[in-house]
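Order of the sequence lines sets the chain letters (A, B, ...), proteins ahead of strands, with each chain counted from 1.
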Amino acid sequence: MTEAGHTHGDHSQWAETSHCRVAAVRHFGAFAVLELIAPRVARRAAPGQFVMVTVPGGGSFLRRPISLFAAHADRISLLVEARGGGTERLTRLDVGDAVEVAGPLGSAFPTEDVSNALLVGGGIGCAPLQYLADELSAAGAHVTACFGFRDFRSARAAGAFTIDRLWVATEDGSVGRAGTVLHLLAALDVSPGTTVYACGPTPMVAAVQRWTFAEGLHGYVSLEAHMACGTGSCHGCVVDTARGKLRVCAEGPVFRLDEVTP
Amino acid sequence: MTERANGAPLDPSPDLSVSLGPIVLDHPLVDASGTFDLLEYARRYDGDYFADFPYAAYVPKTVTVDARTGNPAPRVTETPSGMINAIGLENPGVRAWIARLGEWAHLRQPVIVSVGGNEPEQYAAVVAALDEYLDAAAPGAAPSIQGYELNISCPNVSSGLQIGADRAATAEVVGACREATSRFLLAKLTPNVRDVTEIGAAALDAGADGLSLINTLKALVLDRDTLKPFLGNRTGGLCGPAVKPVALRMVAEVAQAFPDTPIVGMGGVATGLDALEFIACGATAVGVGAANFTAFEAPQRILAELREELAARGFASAADARGVALSS
Ligand SMILES: Cc1cc2nc3c(=O)[nH]c(=O)nc-3n(C[C@H](O)[C@H](O)[C@H](O)COP(=O)(O)OP(=O)(O)OC[C@H]3O[C@@H](n4cnc5c(N)ncnc54)[C@H](O)[C@@H]3O)c2cc1C
Ligand SMILES: Cc1cc2nc3c(=O)[nH]c(=O)nc-3n(C[C@H](O)[C@H](O)[C@H](O)COP(=O)(O)O)c2cc1C
Ligand code: FES
């Protein structure tokens, strides 16, 4: 992987539009995994990056940012949760449908020199962690994932994942352990030097950040922000960081855990 | 259309070039300030974006004398047929901005720098700093900055008074900048006024060479769960296709009131036909804003469509189409 190796560099971002076809769709309740034929995106992609997706059928003005759920050969996959009008439309795509994406965009999760990785996700924030687990495992790292969901409905997303050591908690106790990811983390025996990767709702990220520092670990977080362009032009997506206000779409979405204050 | 002397078939491709005052543009399309960052495009493009730059001139995001960190998040969201933003003129300040000019000095197209501020002196200070730098710069060290667009119309800065809603304040800002530069000066007007021609007259009387309009419409979007203002700044500026009819009406009013004035029309342009409509209402050049967010290739597509629209209607040039909506 030549280009994907340069995880934090801007030169791994590409904003020209790819006109793709849907090759496969799998549904998990309100979630859908869309597999798209997008060779030029797949070739450059790295875990943590996202694409801007044009909502098909018109009616939505801005594109929607969606993380890369997987990338293999000439395919990329997206895990989409129907949350509003645009994502609802995306989950209703069928095999053979046309869809436009631009990407890969944004920064990637650094994966070099990682031997033990702990992936912590909440809700749809789990989406970028499958691709990350694939890459880390391929590089020989020991990967453990802890995912938290609100209820049975949102835990349907877990069915889309293929990660060997995956622990699930739901707040209502309907699936896996009752409680949050923090309960899962508390029960883990974590090796020193483990790299933590987090993505999820702000309160979860804040709690995972506190836990990571308390355990003497380091890690990375993928943040969400409302976006207009997704390509660094509008400054709509900024977050406060130790390096000042940064754009989630350009310098992010992946930041070091110790440089953000969620 | 005249037939060629040798009887060869007419060139069906209309002449797209236009003159925006002294600035000669290859075609009428420019980017609208704050919606298109040249360097960000260049680093996300496979080819040489400078060689393939699609606009006829580059209007960067508004620059102010001091750095501004902008408004709290969230700053943007979609609205029916458009979007709302409250960025708050985030920019590094004119000194830091000038320090990076070398990175895009090789842009071939003319540049019109958008200038912002709270006081007339702040606008004039930006213009003076740039003029001073350009006059001293070695050949090729800076892009071809040929004019300024005075952004007196941003709805997202809490300076209290919106300069562009007040005739006297508009005249002061334009007058101060006119004293500071001999370069081409555009005043960018806000639609949030009772009569856009009153402000336009104040700007032109104070020395502006042309007008650009519209900036965004001040607007409010609520969070659908909490029923509280959604944006961090509470209010924001509405733009995109939803505002096009308002923008066309205002461009037409200004073009009718000041017939020979260079005008950059904008607001909701998403297709070549939209751009032609602005020209028909009297615009010399047309700004493309939020449509840049819908696809990387939006400017190329809109330009191709504009060319086709002009040809299909038998216009020999873009200039020929100017103002056709205004004559009865
Ligand atoms: C970097 C990044 C990666 C993401 N990855 C995924 C993913 O892999 N799978 C997935 O299902 N979702 C993901 N999201 C969230 C997804 O973008 C939103 O759910 C989606 O934009 C909502 O659009 P809508 O039309 O369904 O909702 P609406 O609420 O109708 O959208 C209205 C507007 O708000 C914006 N918006 C609404 N919610 C969000 C949000 N949470 N984040 C950003 N913008 C929002 C929309 O883009 C749109 O402009 C990601 C967001 C970001 C920023
Ligand atoms: C995200 C965003 C940022 C903007 N920033 C600026 C700015 O810095 N200066 C300015 O004069 N106008 C700014 N504008 C206004 C546009 O230049 C333009 O006047 C307006 O959006 C109408 O055009 P449109 O409907 O094509 O977007 C901004 C608009 C958007 C959407
Ligand atoms: S969404 Fe436009 S700069 Fe990030």
Undergrad: With sequence neighbours excluded, give me every salt bridge (charged side-chain N to carboxylate O under 4.0 Å, His left out) pair touching residues 82-95 of chain A.
TA: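 For residues 82-95 of chain A: Glu81(A)-Arg83(A), Arg83(A)-Glu224(A), Glu88(A)-Arg92(A).
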
Undergrad: Describe, in one word, how the ring planes of Tyr45(B) and Phe296(B) are oriented to each other, choosing from parallel (under 30°), tilted (30 to 60°) and perpendicular (over 60°).
TA: parallel

Undergrad: Given Glu40(B) and Ser233(A), is the side chain to side chain donor-acceptor pair (under 3.5 Å) satisfied, shown in steps?
TA: CA-CA 6 Å; Glu40(B) 299 296 335; Ser233(A) 273; over 6 Å; no

Undergrad: Tell me, do Phe255(A) and Val239(A) make a side-chain contact under 4.5 Å, heavy atoms counted?
TA: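 A side-chain contact under 4.5 Å exists here.
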
Undergrad: Can we say Arg75(A) and Glu35(A) salt-bridge, meaning some charged N sits less than 4.0 Å from an Asp/Glu carboxylate O?
TA: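 The answer is yes: the pair qualifies as a salt bridge.
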
Undergrad: Of all the residues in residues 58-68 of chain A, which have a heavy atom that comes within less than 4.5 Å of a heavy atom in chain B?
TA: Gly59(A), Ser60(A), Phe61(A), Leu62(A), Arg63(A), Arg64(A)

Undergrad: Heavy-atom pairs under 4.5 Å with chain B - which of Glu100(A), His226(A), Arg40(A) has more of them than the others?
TA: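 Looking at each of Glu100(A), His226(A), Arg40(A) in turn, His226(A) comes out on top.
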
Undergrad: Report, in residue-number order, which members of residues 235-247 of chain B are under 4.5 Å from chain A by heavy-atom distance.
TA: Gly240(B), Pro241(B)

Undergrad: For Met52(A), is it the side chain, the backbone, both, or neither that has a heavy atom closer than 4.5 Å to a heavy atom of chain B?
TA: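 Nothing of Met52(A), per the 4.5 Å heavy-atom cut-off to chain B.
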
Undergrad: Does any N or O in the side chain of Arg301(B) come within less than 3.5 Å of the main-chain N or O of Ala270(B), such that one atom is a donor and the other an acceptor?
TA: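 Here the side-chain-to-backbone pair exists.
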
Undergrad: Do the side chains of Asn151(B) and Val115(B) get nearer than 4.5 Å, heavy atoms only?
TA: no

Undergrad: Are Tyr55(B) and His27(B) close enough, and set up right, to give a ring pair (Phe, Tyr, Trp, His ring centres under 6.0 Å), and what steps lead you there?
TA: CA-CA 8 Å; Tyr55(B) 287 113; His27(B) 61 76; 7.3 Å; no

Undergrad: Going by residue number, which parts of residues 83-111 of chain B are within reach of chain A, meaning a heavy-atom gap below 4.5 Å?
TA: Met83(B), Ile87(B), Glu90(B)

Undergrad: If we define contacts as heavy-atom pairs under 4.5 Å, which of Pro74(B), Ala291(B), Gly70(B), Ala290(B) has the most with chain A?
TA: Ala290(B)

Undergrad: Do NZ/NE/NH1/NH2 and the carboxylate oxygens of Lys245(A) and Asp240(A) come within less than 4.0 Å?
TA: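 Salt bridge: yes.
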
Undergrad: Checking heavy atoms, do the side chain of Ala73(B), its backbone, both or neither come under 4.5 Å from chain A?
TA: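 Contact with chain A is through the side chain of Ala73(B) alone.
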
Undergrad: Would you say that Val288(B) contacts Asn292(B) through its side chain, given a criterion of any heavy-atom pair below 4.5 Å between the two side chains?
TA: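 In short, these two side chains touch, coming nearer than 4.5 Å.
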
Undergrad: Are Gln162(B) and Thr190(B) side-chain neighbours, meaning at least one heavy-atom pair lies under 4.5 Å?
TA: yes

Undergrad: Taking side chain as everything from C-beta outward and backbone as N, CA, C, O, which of these in Ala228(A) sits under 4.5 Å from a heavy atom of chain B? Side chain, backbone, both or neither.
TA: both

Undergrad: Would you mind reporting whether Phe36(B) and Tyr58(B) have side-chain heavy atoms less than 4.5 Å apart?
TA: yes

Undergrad: Tell me, for Tyr49(B) versus chain A, whether the close heavy atoms (under 4.5 Å) come from the side chain, the backbone, both or neither.
TA: neither

Undergrad: Between Val41(A) and Val51(A), is any pair of side-chain heavy atoms under 4.5 Å apart?
TA: yes

Undergrad: With chain B as the partner, which of Cys237(A), Gly232(A), Gly244(A), Ala102(A) has the greatest number of non-hydrogen pairs under 4.5 Å?
TA: Gly232(A)

Undergrad: Would Arg44(A) and Asp46(B) count as a salt bridge (Lys or Arg N to Asp or Glu O under 4.0 Å) here? Give the steps.
TA: CA-CA 12 Å; Arg44(A) 303 161 195 249; Asp46(B) 265 353; 2.7 Å; yes

Undergrad: Against the six-membered ring of Trp14(A), is Arg44(B) placed for a cation-pi contact (under 6.0 Å from the centre, within 45° of the normal)?
TA: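 No cation-pi geometry.
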
Undergrad: Under a 4.5 Å cut-off applied to non-hydrogen side-chain atoms, are Glu297(B) and Glu16(A) in contact?
TA: yes

Undergrad: Answer whether the closest heavy-atom distance between the side chains of Thr91(A) and Phe31(A) falls below 4.5 Å.
TA: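 The answer is no, as the side chains (C-beta and beyond) never meet within the 4.5 Å cut-off.
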
Undergrad: Tell me, for Thr35(B) versus chain A, whether the close heavy atoms (under 4.5 Å) come from the side chain, the backbone, both or neither.
TA: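 Just the backbone, heavy atoms under 4.5 Å.
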
